Chemist: 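Have a look at this one.
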Amino acid sequence: MKSKEKNKFRDVPIFNNIKEVIYNSVKLYRDNIAFVTKIKKENKSVEYINHTYQNFLDDINSFGTALYALGLKGKRVAIVGRNRYEWAVAHISNLFGGIVSVPIDKELQLSELEDSLVRAKVDAIVFDEKYEENIDIIKQNGKTKIKDFICMGNLDNYTKFEELLRNGRNQVLKGNREFINNEVNSEAMSILLFTSGTTSKSKAVMLNQKGLATNIADMLMVESLYPTDTNIAFLPFHHIFGSTGMLVMLASGVKTVFPDGLRYIKQNLKEYGVSVFVGVPLLVNKMYENIEKEIEKQGKTKLINTATKISNFLLKFNIDIRRKLFKQVLDGLGGKMRLIISGGAPLDKNVSIKFNELGVRLIQGYGLTETSPVISAENDKYIRNGSVGFPMRHLTVEIVNKDKDGIGEVRVKGPNIMMGYYENEEATNKVLKDGWFYTGDLGYIDNDGFLFLTGREKDVIVMKNGKKVFPEELEVLVNNLPEVEECFIYGMAQKGDKNDPMVSVKIVYNKDAIINRNENELYDILWNEVKEINKTLPPYKYIKNMIITDKPLIKTTTHKIKRKEELARIDGK
C-alpha cells in the first residue's frame with residue numbers, strides 16, 4: 001500500500017482559519033459541552049460549570065468585542081497562565097479578531113517573562129491571578145509597551161476578565177458586530193510563539209492560521225476523536241502541542257476538562273470519565289509505571305502476563321476482549337481511557353506495546369513549534385512500534401544528507417511550515433531553504449513509509465571511527481532501570497584524544513532506591529545494570545563512564561533536557 005493511502009481514512013472539511021473551524025463545530029455540536037470549569041468553594045464543596053459550544057462562541061465574540069473597544073484590533077495580546085477556560089477564550093478571541101496571540105510560558109523566570117513581552121512588542125496581557133507578583137513587578141518596571149493588564153481572576157487593581165466579558169456582551173446585544181464580522185487574514189502572522197529554552201536563545205516563531213487549520217484537518221483524517229469523548233488538558237496551552245491539541249478537540253466536538261495538578265491526575269481521570277489523554281512521554285511513562293506498581297502490589301503480575309498472551313492470541317482472529325479482561329487495570333486510569341497520544345520526545349516502545357495490549361490505543365506523533373506542530377503520527381490503522389508514524393497528508397517529508405545507514409536530516413515542506421523567526425532573518429535562513437524546513441532531527445523512513453527518529457543532529461556523539469551514537473536511544477534503555485528517575489547520555493572528551501569521546505551517562509536516581517543502602521552501594525548496582533545494557537549493544541555504543549546524583553536534570557518547562565547547560569554543569573563551568 002502506498003504511503004499516501006495510509007494518512008487519510010476519512011474525509012474532513014479543509015478550513016482556511018480557526019474562525020471557520022469553530023463556527024463549523026458550533027453548527028455541528030451546538031449544545032455539546034466544550035469545556036468544564038471546576039470551582040472549589042470555601043465550604044469545600046465543588047461546583048462544575050459546563051460551557052457548551054454555543055456558550056464558548058458567545059464568550060469569544062463578547063470578549064473579542066471588548067478587546068476591540070480597548071483599541072486592540074491589529075495589536076498583540078499575550079496570554080500567561082494555567083490551562084483554564086479563560087485562556088482558551090482569550091487565545092481564540094485573538095485569532096478571530098486579527099489580534100496577534102502571544103502565548104507565553106507561565107513558568108519563566110521574571111526576567112525571561114519580561115524580556116519575552118518586550119521582544120514580542122506586546123500591547124496587552126491576559127494573565128492568571130496566580131502570577132500576580134510577577135505581573136506587578138513588570139507593570140512597575142515599565143519596560144514593556146503594555147497598556148492593558150487583564151486578569152483572568154478577581155484582582156481589584158487590574159481589569160477583570162469577567163468585566164470585559166460582560167461589557168462586550170452588552171455591546172453585542174446593542175448591535176456592535178465589528179468583531180463578529182471581522183474577516184480573518186489566513187496568511188498573516190496570527191501567533192507569535194517562543195520556542196522552549198532560555199529566552200536569550202529561544203526564537204519567536206511566526207505562525208499563520210492557514211497552517212494551523214490545515215494541520216488540524218490532517219490530524220482529523222487519521223485520528224479517531226468523537227463528540228462523546230472527554231479530553232483532559234494536561235499539556236500547557238502555551239506550548240504549540242497543547243494549544244493545537246485543544247483546537248483539534250474543539251474541531252471534533254470533544255469535551256475538555258482541566259486537571260487539578262499532577263498529584264490528582266488519577267482522581268481527575270475517574271472524576272470526569274476521561275477517554276482521551278494527550279501528553280509528553282514523561283507523563284505517559286509515569287502513568288504506566290503506576291499501573292505496573294499497582295499490579296505488583298496486588299500480586300497479579302503473572303496473571304496479567306498470562307491474560308495478555310491469551311488476549312494477543314485472540315486478537316489474531318479479530319476477537320477483542322481486552323476491555324473486559326483488563327477492566328480492573330483500566331479502572332486505575334479512570335475506567336474510560338481509550339486513546340493516549342504521546343509527543344514532544346521519544347517514547348519507550350515497550351510502553352506503547354503494553355498500553356495497546358491492555359486495550360488503550362497509544363499513538364505517537366512528531367512535530368515542532370515551527371511546523372504548527374504535527375509532522376507525522378501513527379494512526380488508528382497503522383502503528384509500528386518505535387516509529388512516529390506517517391507524514392501528515394499535506395506535508396512532504398524527506399531524509400537528506402544520509403549516512404551509509406540511511407540516516408539523515410528530516411526536512412519538511414507544506415502549508416503548516418512557519419513564516420519564519422520574528423526579527424531573526426539569519427536564524428530563519430539557516431532552517432528555511434527553497435520552501436523546505438530543515439528540522440535538525442535525524443531519522444530514516446522505512447520501506448513502508450514509517451518515519452523513525454534517531455536524535456537531534458547537534459546532540460549526536462561522533463566517535464573517532466566515524467560511528468554515531470544517538471543519546472536518546474540509550475537514554476530510553478537506561479530510563480527503564482527501576483532505580484532511575486531520569487538520565488543524560490553525553491560524550492566525555494578523553495584527555496589523551498579529544499576527538500574520541502567516551503560515551504557517558506549521568507543518572508538521577510529515585511529517592512526510593514537509596515532506602516536501606518548508601519550511594520556507593522547504589523552506584524555498584526547501577527553500574528552492573530548499565531553493563532548488562534552494554535551487552536545488548538554494539539561495542540562502539542558501550543557506556544563506559546557513569547556519574548549518579550539525586551539532583552534533577554536541567555530541563556525546559558516541556559521537560560526536555562537542556563543538554564548544553566547540563567554539560568556545563570558536569571564540566572563544572
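Quick caveat: nothing in here was measured; it's all calculated off a predicted structure.
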Chemist: If you define the side chain from C-beta out and look only at heavy atoms, does anything of E378 sit under 4.5 Å from S387?
Modeler: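 Yes, at least one pair of side-chain atoms sits under 4.5 Å.
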
Chemist: Please report the shortest heavy-atom distance between S376 and V388, naming the atom on each side.
Modeler: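 Nearest heavy atoms, S376 then V388: OG-O, 2.9 Å.
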
Chemist: Does D446 pair with R384 as a salt bridge, N-O distance under 4.0 Å?
Modeler: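 Looking at R384 together with D446, the answer is yes, because their closest N to O distance falls below 4.0 Å.
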
Chemist: For K75, is the NZ atom crowded, meaning more than 12 foreign heavy atoms sit under 6.0 Å from it?
Modeler: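 Counting neighbours around NZ of K75, 12 or fewer heavy atoms of other residues, nucleotides or ligands fall under 6.0 Å, so no.
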
Chemist: Show the numbers, then the answer: is there a side-chain hydrogen bond (donor to acceptor under 3.5 Å, both in side chains) between N416 and T371?
Modeler: CA-CA 5 Å; N416 54 304; T371 56; 4.9 Å; no

Chemist: Is any side-chain N of the basic residue among E398 and R411 closer than 4.0 Å to the acidic one's carboxylate O?
Modeler: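 Salt bridge present between E398 and R411.
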
Chemist: Among V21, I191, T214, L95, exactly one meets side chain to side chain contact (heavy atoms under 4.5 Å, CB included) together with Q209. Which residue is that?
Modeler: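 So, applying the side chain to side chain contact (heavy atoms under 4.5 Å, CB included) to Q209 and each of V21, I191, T214, L95, only L95 qualifies.
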
Chemist: For residues 427-437, please give each side-chain donor-acceptor pair under 3.5 Å, one per line with the distance, not counting sequence neighbours.
Modeler:
{"residue": "T428", "atom": "OG1", "partner": "Y421", "partner atom": "N", "Å": "2.9"}
{"residue": "T428", "atom": "OG1", "partner": "N424", "partner atom": "O", "Å": "2.9"}
{"residue": "N429", "atom": "ND2", "partner": "E425", "partner atom": "O", "Å": "3.3"}

Chemist: Mind running side chain to side chain contact (heavy atoms under 4.5 Å, CB included) on F149 and L155 for me, showing each step along the way?
Modeler: CA-CA 11 Å; F149 291 81; L155 297 179; over 6 Å; no

Chemist: State which residue, out of L192, L193, V100, fulfils the side chain to side chain contact (heavy atoms under 4.5 Å, CB included) condition with M206.
Modeler: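 That would be L192.
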
Chemist: Does the pair D448 and Y382 meet the rule for a side-chain hydrogen bond (donor to acceptor under 3.5 Å, both in side chains), with working shown?
Modeler: CA-CA 10 Å; D448 294 318; Y382 297 103; over 6 Å; no

Chemist: CG/D229 to OG/S252 distance, rounded to the nearest 0.5 angstrom?
Modeler: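 One finds 8.5 Å between CG of D229 and OG of S252.
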
Chemist: Would you find more than 12 non-hydrogen atoms of other residues, nucleotides or ligands less than 6.0 Å from K139 atom NZ?
Modeler: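 Yes, NZ of K139 has more than 12 neighbouring heavy atoms, counting only those of other groups under 6.0 Å.
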
Chemist: Can you measure from CD (E457) to CG (L442) and round to the nearest 0.5 angstrom?
Modeler: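 Reported to 0.5 Å precision, the distance equals 5.0 Å.
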
Chemist: Do R456 and D441 meet the salt-bridge criterion of a basic N to acidic O distance under 4.0 Å?
Modeler: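 Looking at R456 together with D441, the answer is yes, because their closest N to O distance falls below 4.0 Å.
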
Chemist: What's the separation between atom CD1 in I14 and atom NZ in K210, rounded to the nearest 0.5 Å?
Modeler: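 Going from the CD1 atom of I14 to the NZ atom of K210 covers 8.0 Å.
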
Chemist: Walk me through it: do I489 and I461 pass the test side chain to side chain contact (heavy atoms under 4.5 Å, CB included)?
Modeler: CA-CA 9 Å; I489 296 285; I461 303 167; 4.1 Å; yes

Chemist: Please list every donor-acceptor pair under 3.5 Å in which a side-chain atom of residues 121-132 meets a protein atom from a residue at least two apart or in another chain.
Modeler:
{"residue": "K121", "atom": "NZ", "partner": "Y422", "partner atom": "OH", "Å": "3.2"}
{"residue": "K121", "atom": "NZ", "partner": "E423", "partner atom": "OE1", "Å": "3.2"}
{"residue": "K121", "atom": "NZ", "partner": "E423", "partner atom": "OE2", "Å": "2.6"}
{"residue": "D123", "atom": "OD1", "partner": "K145", "partner atom": "NZ", "Å": "3.2"}
{"residue": "D123", "atom": "OD2", "partner": "R76", "partner atom": "N", "Å": "2.8"}
{"residue": "D128", "atom": "OD1", "partner": "R82", "partner atom": "NH2", "Å": "2.9"}
{"residue": "D128", "atom": "OD1", "partner": "R84", "partner atom": "NH1", "Å": "3.2"}
{"residue": "D128", "atom": "OD1", "partner": "K130", "partner atom": "N", "Å": "2.9"}
{"residue": "D128", "atom": "OD2", "partner": "R82", "partner atom": "N", "Å": "3.2"}
{"residue": "D128", "atom": "OD2", "partner": "R82", "partner atom": "NE", "Å": "2.7"}
{"residue": "D128", "atom": "OD2", "partner": "R82", "partner atom": "NH2", "Å": "3.3"}
{"residue": "D128", "atom": "OD2", "partner": "R84", "partner atom": "NH1", "Å": "3.3"}
{"residue": "E129", "atom": "OE1", "partner": "R84", "partner atom": "NH1", "Å": "3.0"}
{"residue": "E129", "atom": "OE1", "partner": "G153", "partner atom": "N", "Å": "3.1"}

Chemist: For S186 and N16, does a side-chain donor sit closer than 3.5 Å to a side-chain acceptor?
Modeler: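 No, because no side-chain N or O of S186 sits under 3.5 Å from a partner of the opposite role on N16.
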
Chemist: So that I know where these two stand, are H51 and Y85 an aromatic pair - ring centroids less than 6.0 Å apart?
Modeler: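 They qualify: ring centres under 6.0 Å apart.
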
Chemist: Kindly compute the distance separating CZ (F234) from CD1 (I265), expressed to the nearest 0.5 Å.
Modeler: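 Result: 4.5 Å between the selected atoms.
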
Chemist: Is it true that, when you exclude K413 itself, more than 12 heavy atoms of the residues, nucleotides or ligands shown sit nearer than 6.0 Å to its NZ?
Modeler: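 Enclosed: over 12 neighbouring heavy atoms sit under 6.0 Å from NZ of K413.
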
Chemist: Check the angle between the aromatic planes of H239 and F241 and answer parallel, tilted or perpendicular using the 30° and 60° thresholds.
Modeler: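 Taking F241 first and then H239, their aromatic rings stand perpendicular (interplane angle over 60°).
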
Chemist: What distance separates T159 OG1 from I150 CD1, expressed to the nearest 0.5 Å?
Modeler: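 Here the interatomic distance stands at 6.5 Å.
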
Chemist: Would you tell me whether Y158 and D136 have side-chain atoms, one donor and one acceptor, within less than 3.5 Å of each other?
Modeler: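 Their side chains do contain a donor-acceptor pair, which is all the 3.5 Å distance test asks for.
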
Chemist: Mind listing the closest non-hydrogen atom pair of I417 and L395 along with its distance?
Modeler: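 Scanning both residues completely, I find the closest heavy atoms to be CD1-CD2, 4.4 Å.
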
Chemist: Which of these, R563, K564, R569, sits in a salt bridge (charged side-chain N to carboxylate O under 4.0 Å, His left out) with E566?
Modeler: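 The passing option is R569.
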
Chemist: Can you find a pair of side-chain heavy atoms, one from T195 and one from V205, that are under 4.5 Å apart?
Modeler: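 Result yes, sub-4.5 Å side-chain heavy-atom pair found.
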
Chemist: Evaluate N208 against M419 for side chain to side chain contact (heavy atoms under 4.5 Å, CB included), listing each step before the verdict.
Modeler: CA-CA 7 Å; N208 64 39; M419 301 167 70; 3.9 Å; yes

Chemist: Give, for atom OG of S101 and atom CD1 of I18, the distance between the pair rounded to the nearest 0.5 Å.
Modeler: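 The CD1 atom of I18 is 11.0 Å from OG of S101, to the nearest 0.5 Å.
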
Chemist: Decide yes or no on side chain to side chain contact (heavy atoms under 4.5 Å, CB included) for T230 and V36, but give the supporting numbers first.
Modeler: CA-CA 10 Å; T230 298; V36 177; over 6 Å; no

Chemist: Is it true that a side-chain atom of K555 and a backbone atom of L553 form a donor plus acceptor pair closer than 3.5 Å?
Modeler: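 Present.
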
Chemist: So among L339, L347, I341, which one has a side chain to side chain contact (heavy atoms under 4.5 Å, CB included) with L362?
Modeler: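 With L362 as partner, L339, L347, I341 yield a single side chain to side chain contact (heavy atoms under 4.5 Å, CB included), made by L347.
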
Chemist: Could you label the plane-to-plane angle of the F179 and Y68 rings as parallel, tilted or perpendicular, counting under 30° as parallel and over 60° as perpendicular?
Modeler: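 Rings of F179 and Y68: perpendicular, over 60°.
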
